[in-house]
**Student:** 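So that we are looking at the same thing, I have put the structure below in structure tokens.
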Protein chains: 2
Amino acid sequence: MEEACVRKSEMDKVGVSVKFGRNETIYSKGDEARYSYKVIEGAVRLSRIFADGRRQIVNFFLPDETFGIELSEEYTSTAEAVGDVLALRCPRLCIAQLTEGHPDIGQKRLAMLSKSLAAAEQHVAMLGHQSAKERVASFFLALEMQRRTEIERTLDLPLSRQDIADYLGLTIETTCRALSELKRQRIIEAPSRRRIVIRDLAGLQAIAEGGA
Amino acid sequence: MEEACVRKSEMDKVGVSVKFGRNETIYSKGDEARYSYKVIEGAVRLSRIFADGRRQIVNFFLPDETFGIELSEEYTSTAEAVGDVLALRCPRLCIAQLTEGHPDIGQKRLAMLSKSLAAAEQHVAMLGHQSAKERVASFFLALEMQRRTEIERTLDLPLSRQDIADYLGLTIETTCRALSELKRQRIIEAPSRRRIVIRDLAGLQAIAEGGA
DNA sequence: CGGCATGTTGAAACGTTTCAACGAGAGTGG
DNA sequence: CCACTCTCGTTGAAACGTTTCAACATGCCG
């Protein structure tokens with residue numbers, strides 16, 4: 001634990017802060033994978049765009065999470081700033097060098113990849129068999145698990161409805177309807193565009209698990 | 001490259017062969033993650049089962065692929081033998097020990113995780129926005145890419161229709177209809193239950209990318 | 001050759017998407 | 001500070017694709 005902090009700060013040392021504006025592209029699919037990043041502030045979305053213009057968001061990254069660690073030479077997805085983003089950028093090579101001296105940094109990368117994989121498998125499970133309402137419920141539940149807001153049961157999402165829809169594999173309209181349905185059932189409240197209050201956590205869980 | 005082989009054989013040394021019969025469970029979600037495995041022969045499916053009884057297959061593993069490397073203490077999915085399976089089983093601890101001595105084995109794990117992650121993201125992209133026919137086409141295309149059969153453009157899948165459906169996030173019937181549609185278009189042939197011949201690779205690609 | 005699991009097809013029910021219109025909120029300039 | 005505008009979010013109705021339920025075909029094994 002203690003040592004991990006030492007290592008972390010070493011990693012932080014080699015990185016430089018970079019800023020990105022709302023919707024700015026951090027890197028594109030196919031670019032040479034020169035850097036990996038750690039979110040300091042804001043949110044980043046990892047997505048793929050298809051021939052038909054539709055977009056699938058593969059993952060979101062919130063403060064303290066790392067993204068852009070690729071094993072291949074090129075980035076396999078596109079990363080964009082959801083809102084304004086502050087991030088730490090580390091050259092790939094530096095990481096490789098650090099890894100040699102301190103094999104435990106390899107453990108960190110492993111842990112990070114492992115976490116991404118678990119998230120991706122969860123995502124697959126969701127897209128594979130859940131209804132629109134269940135997806136929205138699962139999504140909020142997952143956010144609640146790693147809530148960043150101090151206020152109990154309040155989610156401050158920097159995401160637009162379109163972002164949510166693209167993550168859930170739904171249209172914006174369907175997402176909206178599912179949201180409205182949850183509001184009608186008094187399971188959530190939406191006091192403002194980007195704020196969700198969970199009024200009935202158990203109810204939300206029941207829905208996420210196919211209880212309605 | 002050459003060194004990789006050395007390492008590989010070292011890894012093989014600490015493992016023991018184990019056999020599993022058709023549909024046998026190799027490990028269940030929640031079990032203590034004691035071992036990781038490498039497929040020698042046959043195919044393994046990694047899946048999650050839901051409260052409603054439905055199943056989502058998250059990944060398949062074919063000969064030479066490794067699975068069961070978890071960072072957490074428990075397996076997060078269930079692994080089952082699709083047909084008869086021969087596999088190499090390595091205790092988790094041994095791997096950890098090996099890793100210490102030879103940091104490059106860590107690289108192997110990293111590579112393996114990275115590959116799984118790429119596959120999972122591809123899977124998410126598919127489930128998120130492709131139609132039934134597009135999914136089936138993409139699936140065959142992916143299999144063609146890593147074909148194990150010697151015969152050109154012939155896929156020998158050990159999977160049942162149910163397995164395919166559960167991977168594609170569709171019902172068995174929809175999968176079947178999509179298959180029949182592809183047959184009707186003379187893009188594929190299905191000479192036997194578990195054999196698919198691709199007659200028009202370009203056509204298949206076109207469909208997978210939303211060309212029809 | 002029967003019997004049983006697996007695969008295939010059809011028709012109605014269901015949920016999501018599409019297209020279209022409307023509402024609400026945030027930011028700008030008067 | 002209000003009004004305007006523009007983007008974003010919400011709702012409705014018809015079209016579409018997938019699922020469901022049911023029947024039937026096929027192939028495999030004893």
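Small disclaimer: the values here were computed from a predicted structure and weren't measured. Naming convention: chains lettered A, B, ... in sequence-line order (proteins, then strands); numbering from 1 in each chain.
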**Student:** Would one find a side-chain N or O of Ser131(A) under 4.0 angstrom from OP1 or OP2 of dG15(C)?
**Tutor:** no

**Student:** Relative to the 5' end of DNA chain C, which residue comes earlier, Thr174(A) or Pro191(A), by the nucleotide with the nearest heavy atom?
**Tutor:** Thr174(A)

**Student:** Once you apply a heavy-atom cut-off of 4.0 Å, does Arg22(A) come out as touching a base, just sugar-phosphate, or nothing?
**Tutor:**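 Since only primed, P, OP1 and OP2 atoms lie under 4.0 Å of Arg22(A), the category is sugar-phosphate.
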
**Student:** Once you measure the plane-to-plane angle for Phe139(A) and Phe60(A), does it fall in the parallel (<30°), tilted (30-60°) or perpendicular (>60°) bin?
**Tutor:** tilted

**Student:** Measure CD/Gln162(A) against C1'/dT10(D) and give the value in whole Å, please.
**Tutor:** 14 Å

**Student:** Tell me whether the side-chain N/O atoms of Thr171(A) come closer than 4.0 Å to OP1 or OP2 in dT17(C).
**Tutor:**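 The answer is yes; a side-chain N or O of Thr171(A) sits under 4.0 Å from OP1 or OP2.
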
**Student:** Using a heavy-atom cut-off of 4.0 Å across all strands, would you classify Arg135(B) as base, sugar-phosphate, or nothing?
**Tutor:**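 It contacts nothing in the nucleic acid.
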
**Student:** Let me know the distance between CD of Glu181(B) and C1' of dT8(C), rounded to the nearest Å.
**Tutor:**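 Taking atom C1' of dT8(C) as the reference, CD of Glu181(B) is at 14 Å.
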
**Student:** Are side-chain heavy atoms of Arg48(B) and Gln122(A) found at a separation under 4.5 Å?
**Tutor:** yes

**Student:** Base, sugar-phosphate alone, or nothing: which one does Leu170(B) contact when heavy atoms must sit under 4.0 Å apart?
**Tutor:**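 The answer is sugar-phosphate, as Leu170(B) gets under 4.0 Å only of primed atoms, P, OP1 or OP2.
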
**Student:** Look at the side-chain N and O atoms of Arg193(A) and state whether any lies under 4.0 Å from the OP1 or OP2 oxygen of dT7(D).
**Tutor:**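 Answer is no, no contact under 4.0 Å.
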
**Student:** Just N and O in the side chain of Arg177(B): are any of them under 4.0 Å from OP1 or OP2 of dT8(C)?
**Tutor:** no

**Student:** Tell me whether the side-chain N/O atoms of Lys183(B) come closer than 4.0 Å to OP1 or OP2 in dT8(C).
**Tutor:**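 Yes, because at least one side-chain N or O of Lys183(B) sits under 4.0 Å from OP1 or OP2 of dT8(C).
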
**Student:** Would a 4.5 Å heavy-atom cut-off, applied to side chains only, mark Ile188(A) and Leu179(A) as touching?
**Tutor:**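 They are in contact (side-chain heavy atoms under 4.5 Å apart), so the answer is yes.
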
**Student:** Atom CD1 of Ile196(A) to atom C1' of dT10(D): distance rounded to whole Å?
**Tutor:** 13 Å

**Student:** Start with the C-alpha gap between Leu141(A) and Gln205(A), add the side-chain angles, then the distance that decides, and say whether side chain to side chain contact (heavy atoms under 4.5 Å, CB included) holds.
**Tutor:** CA-CA 7 Å; Leu141(A) 224 44; Gln205(A) 274 166 330; 3.5 Å; yes

**Student:** Heavy atoms under 4.0 Å, any strand shown: does Ser192(A) hit a base, just sugar-phosphate, or nothing?
**Tutor:**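 Since no nucleic acid heavy atom lies under 4.0 Å of Ser192(A), the category is nothing.
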
**Student:** How close or far is atom P of dT10(D) from atom CZ of Arg194(A), stated in whole angstroms?
**Tutor:**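 Answer to the nearest Å: 11 Å.
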
**Student:** Tell me the interatomic distance from His129(B), atom NE2, to dC16(D), atom C1', rounded to whole angstroms.
**Tutor:**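 Result: 17 Å.
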
**Student:** Nearest whole Å is fine: how far is dC8(D) P from Leu157(A) CG?
**Tutor:** 15 Å

**Student:** In whole Å, I'd like the distance from the CD atom of Gln130(A) to the C1' atom of dC14(C).
**Tutor:**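 Distance, rounded to whole Å: 18 Å.
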
**Student:** Check whether the side chain of Glu173(A) and the base of dC19(C) form a donor-acceptor pair under 3.5 Å.
**Tutor:**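 Answer yes: a donor N or O sits under 3.5 Å from an acceptor.
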
**Student:** Tell me the interatomic distance from Leu168(A), atom CG, to dT17(C), atom P, rounded to whole angstroms.
**Tutor:**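 These atoms are roughly 10 Å apart.
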
**Student:** Taking the minimum atom-to-atom distance to the side chain of Arg161(B), which one of dT10(D), dT8(C), dT9(C) wins?
**Tutor:**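 The listed nucleotide nearest to Arg161(B)'s side chain is dT8(C).
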
**Student:** Is the NZ or CZ atom of Arg89(A) both under 6.0 Å from the centre of the six-membered ring of Tyr35(A) and within 45° of that ring's axis?
**Tutor:**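 Yes, Arg89(A) lies over the aromatic ring of Tyr35(A).
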
